[in-house]
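Worth saying up front: this structure is predicted, and the values here are computed from it rather than measured.
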Amino acid sequence: MDYKTLYFQLAAKVADALDILLKAQQEGEAHFMNEEPGPGLKVLAIQDENRDSE
């Protein structure tokens, strides 16, 4: 068996799966942000604690 080829095929499939999951997450976030807020629901901005204050 050519384990090197199998490894690279597996790595490519894992990368494909990650791309699919990332795209689904981004689409879900965009859909959520474009919707009208429901009752009792609001979007809050989170300040980056690692950023130096200017």
Worksheet, complete the sentence: Contacts of Met33 meeting side chain to side chain contact (heavy atoms under 4.5 Å, CB included) (sequence neighbours excluded), chain-then-number -> Val43
In a table with atom names and distances, give each donor-acceptor pair under 3.5 Å that connects a side chain of residues 20-31 to protein atoms at least two apart or in another chain.
| unit_1 | atom_1 | unit_2 | atom_2 | d |
| --- | --- | --- | --- | --- |
| Gln25 | NE2 | Glu29 | OE2 | 3.1 |

Fill in: Co-members of the apolar cluster containing Met1 [side chain, <4.5 Å]
Tyr3, Leu6
Worksheet item: Could you give all pairs that pass the side chain to side chain donor-acceptor pair (under 3.5 Å) test and reach residues 4-21, with sequence neighbours left out?
Response: Asp2-Thr5
